[in-house]
Engineer: 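Pasting a structure here, questions to come.
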Amino acid sequence: NCYHVDLLNLNETKSFFDDKNFEVIIYLSSVMASSDNLDDNSLLMDNLKMQFNLIESIKNLNNCLLINFSSSAVYPNIEGEFTENSIIDPSKNTDCLYGLSKFSSETLFNYFLKNIDILNLRLGYVYGKGMNPTRIHKVFEKELKSKNTISVWGNGKRVIPQLSLQFLIKVLKKIIRNPIFGNYNLCEENISLKQLAERIIKSKGNSKSKIIYVDKGNKNKFKMNNSKLLNILK
C-alpha cells in the first residue's frame, strides 16, 4: 500500500500515524542539497520541521524501531578515515546545511523519542537504478555516452565512500530481522574517482574511451570506516 503524506504538515502527518502501529519506520525524508540551495536556510529549516512533525506523530509508539538515514555529510569532508567516534563538523562541507540537518535528526530523535529504539545509519554515497542525473555516476555516464570521455576533477585522487542500492537493501533486511541500535557508518567501499571512472568505462565504454584528468577541484581522500556495523552483521 502506498500513501502520500506531506511531512511539512503536522496535522496531516499526525493523522496518518494516529491509527497505525508500526514495528519498523525507515526515515528517508529530506530536502536534498543541490547547487541551487546549498546556502539556502530553508533547506535546514524544512528538514527540521519534518523531523519535529515526525517526532510529534510517533512519540507515543512503543516497541518500534526507527531506522534514520543520516549521512556521511555529518563529518568534515577532509582527508582522513572517519569512524563513529570521529568529530562531527559539517561546516567543512559545501553541503553544510544538509549535513547539519542530518546530524540534527540523530540528536532530536535520540532526545525526544525515549520509547522508540533508534538506529542512525550514516550513509555513504548511494548509487543505483533511478538515481538523480546530477549525481557523479550519472554525470560520468552521460559524458561517456556523448563524448566517449570522462572528465575527472582533482586528477581523480578524490576518494568517496559509496554503496549500491542493492547492498543497502541487503543490510536493511538483516537489520529488520535482527535489530540493532545506535550510530553506525554504512558504506560498501571507499573508491577514488579514477577507479570509479575506470569501472564505468569497463562496463559501458569501449577501447577508445578515455579519462581526462583535470587538475582542479577536491582531492581529499575522505574515507568511512564501516567495520563496526559490518562486524555485527556478520
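Treat the numbers as computed from the prediction; the structure is a model and nothing was measured. All values below come from the heavy atoms of this structure, side chains included, with hydrogens, waters and symmetry mates left out.
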Engineer: Rounded to the nearest 0.5 Å, what's the gap from CG on Asn226 to NZ on Lys223? Could you check?
Structural biologist: 12.5 Å
Engineer: Applying side-chain hydrogen bond (donor to acceptor under 3.5 Å, both in side chains), name anything that partners Ser91, two or more places apart in sequence or on another chain.
Structural biologist: Asp89
Engineer: Assess whether side chain to side chain contact (heavy atoms under 4.5 Å, CB included) is satisfied between Met131 and Val126, documenting all intermediate values.
Structural biologist: CA-CA 8 Å; Met131 70 186 300; Val126 182; over 6 Å; no
Engineer: Is it true that Leu7 and Phe109 fall in one hydrophobic cluster, defined by side-chain heavy atoms closer than 4.5 Å?
Structural biologist: yes
Engineer: Checking Glu79 now: which residues fulfil side-chain hydrogen bond (donor to acceptor under 3.5 Å, both in side chains) with it, not counting sequence neighbours?
Structural biologist: none
Engineer: For residues 142-162, which residue pairs pass the side-chain hydrogen bond (donor to acceptor under 3.5 Å, both in side chains) check, not counting sequence neighbours?
Structural biologist: His137-Gln162, Glu143-Thr149, Glu143-Ser151, Asn148-Asn206, Asn148-Ser209, Asn155-Asp215, Gln162-Glu189
Engineer: Apply the side-chain hydrogen bond (donor to acceptor under 3.5 Å, both in side chains) test between Asn47 and each candidate in Ser105, Ser104, Ser101; give the one that qualifies.
Structural biologist: Ser101
Engineer: Assess whether a salt bridge exists between Lys202 and Glu198, defined as any Lys/Arg side-chain N lying under 4.0 Å from an Asp/Glu carboxylate O.
Structural biologist: no
Engineer: Would you check if Phe22 and Ile25 make a side-chain contact, meaning some heavy-atom pair closer than 4.5 Å?
Structural biologist: yes
Engineer: When you measure from the side chain of Asn68 to the backbone of Leu119, do you find a donor-acceptor pair of N or O atoms at a distance under 3.5 Å?
Structural biologist: no
Engineer: Within the structure provided, determine whether Asn220 and Val159 are in side-chain contact (heavy-atom separation under 4.5 Å).
Structural biologist: no
Engineer: Is there any side-chain hydrogen bond (donor to acceptor under 3.5 Å, both in side chains) pair reaching into residues 168-177, and which pairs are they, with sequence neighbours excluded?
Structural biologist: none
Engineer: Would you find a donor on one side and an acceptor on the other, under 3.5 Å apart, between the side chain of Ser86 and the backbone of Thr83?
Structural biologist: yes
Engineer: What distance do Ile116 atom CD1 and Asn110 atom CG have between them, rounded to the nearest 0.5 Å?
Structural biologist: 11.5 Å
Engineer: Would you compute the distance between atom CG of Asn185 and atom OG of Ser70 and round it to the nearest 0.5 angstrom?
Structural biologist: 9.5 Å
Engineer: Ignoring hydrogens and angles, tell me if any N or O in the side chain of Tyr127 forms a donor-acceptor pair with the backbone of Arg135 under 3.5 Å.
Structural biologist: no
Engineer: Between OG of Ser29 and CG of Asp46, what distance do you get to the nearest 0.5 Å?
Structural biologist: 12.0 Å
Engineer: Give the cluster check for Phe52 versus Leu10: same hydrophobic cluster or not, with ILVMFWY residues linked at side-chain heavy-atom distances below 4.5 Å.
Structural biologist: no
Engineer: Would you mind checking if Glu81 and Lys221 are paired as a salt bridge, meaning a charged N to carboxylate O distance below 4.0 Å?
Structural biologist: no
Engineer: Please tell me if the side chains of Val152 and Phe140 come closer than 4.5 Å, counting only heavy atoms from C-beta onward.
Structural biologist: yes
Engineer: Take atom NZ of Lys49 as the centre, draw a 6.0 Å sphere, and report whether it contains more than 12 heavy atoms from other residues, nucleotides or ligands.
Structural biologist: no
Engineer: Would you check if Ile212 and Ile150 make a side-chain contact, meaning some heavy-atom pair closer than 4.5 Å?
Structural biologist: no
Engineer: Report the distance from atom OG of Ser30 to atom NZ of Lys102, rounding to the nearest 0.5 Å.
Structural biologist: 4.0 Å
Engineer: Where the side chain of Asn93 meets the backbone of Asp95, is there a donor-acceptor pair that is under 3.5 Å apart?
Structural biologist: no
Engineer: Might you work through the side chain to side chain contact (heavy atoms under 4.5 Å, CB included) test for Tyr98 and Val31, ending with a clear yes or no?
Structural biologist: CA-CA 8 Å; Tyr98 174 75; Val31 178; over 6 Å; no
Engineer: Could you list the cluster mates of Phe82? Members are the ILVMFWY residues connected by side-chain heavy atoms closer than 4.5 Å, either directly or through other members.
Structural biologist: Val74, Tyr75, Ile78, Ile88, Phe103, Phe222, Met224
Engineer: Start with the C-alpha distance between Tyr27 and Phe69, add both sets of side-chain angles, then the distance that settles ring pair (Phe, Tyr, Trp, His ring centres under 6.0 Å), and finish with yes or no.
Structural biologist: CA-CA 6 Å; Tyr27 185 76; Phe69 276 21; 9.3 Å; no
Engineer: Spell out, yes or no, whether Leu66 and Tyr3 are grouped together once hydrophobic residues are joined by side-chain heavy atoms under 4.5 Å, including indirect joins.
Structural biologist: yes
Engineer: Is the shortest side-chain heavy-atom distance between Ile160 and Asn190 below 4.5 Å?
Structural biologist: no
Engineer: Is it possible for you to check whether Lys114 lies under 6.0 Å from the centre of the six-membered ring of Phe112, through NZ or CZ, and within 45° of that ring's axis?
Structural biologist: no
Engineer: Apply side chain to side chain contact (heavy atoms under 4.5 Å, CB included) to the pair Ile191 and Tyr125, showing each step before the final yes or no.
Structural biologist: CA-CA 10 Å; Ile191 185 172; Tyr125 200 104; over 6 Å; no
Engineer: Go through the steps to decide whether Lys92 and Asn77 satisfy the test side chain to side chain contact (heavy atoms under 4.5 Å, CB included), and finish with yes or no.
Structural biologist: CA-CA 6 Å; Lys92 300 292 192 298; Asn77 187 6; 5.8 Å; no
Engineer: Would you indicate whether the side-chain heavy atoms of Leu186 and Leu168 approach each other to under 4.5 Å?
Structural biologist: yes
Engineer: Identify the two heavy atoms, one from Pro179 and one from Leu65, that lie closest to each other, and give their separation to 0.1 Å.
Structural biologist: CB-CD2, 4.0 Å
Engineer: Can you find a heavy atom in the side chain of Leu233 that is under 4.5 Å from one in the side chain of Val171?
Structural biologist: yes
Engineer: How would you list, by chain and number, every residue that makes a side-chain hydrogen bond (donor to acceptor under 3.5 Å, both in side chains) with Glu188, sequence neighbours excluded?
Structural biologist: Ser164
Engineer: Look at the side chain of Ser57 and the backbone N and O of Lys14, then say whether any donor-acceptor pair between them is shorter than 3.5 Å.
Structural biologist: yes
Engineer: Between Thr13 and Asp6 (side chain of the first, backbone of the second, donor and acceptor by atom type, cut-off under 3.5 Å), is there such a pair?
Structural biologist: yes
Engineer: Between NZ of Lys20 and CG of Leu61, what distance do you get to the nearest 0.5 Å?
Structural biologist: 11.5 Å
Engineer: Could you tell me whether a side-chain N or O of Gln195 sits under 3.5 Å from a main-chain N or O of Ser192, the two making a donor and an acceptor?
Structural biologist: yes
Engineer: Has Asn231 got more than 12 heavy atoms of other residues, nucleotides or ligands less than 6.0 Å from its CG?
Structural biologist: yes
Engineer: Do Val214 and Ile211 sit in the same hydrophobic cluster, where Ile, Leu, Val, Met, Phe, Trp and Tyr count as joined when their side-chain heavy atoms come under 4.5 Å apart?
Structural biologist: no
Engineer: Between Asn183 (side chain only) and Glu84 (backbone N and O only), is there a donor and an acceptor less than 3.5 Å apart?
Structural biologist: no
Engineer: Taking Leu44 as the starting point, is it possible to reach Tyr111 by hopping between hydrophobic residues whose side chains are less than 4.5 Å apart?
Structural biologist: yes
Engineer: Would you indicate whether the side-chain heavy atoms of Glu106 and Ile118 approach each other to under 4.5 Å?
Structural biologist: no
Engineer: Verify the neighbour count for atom CE of Met45: are there more than 12 heavy atoms of other residues, nucleotides or ligands below 6.0 Å?
Structural biologist: no
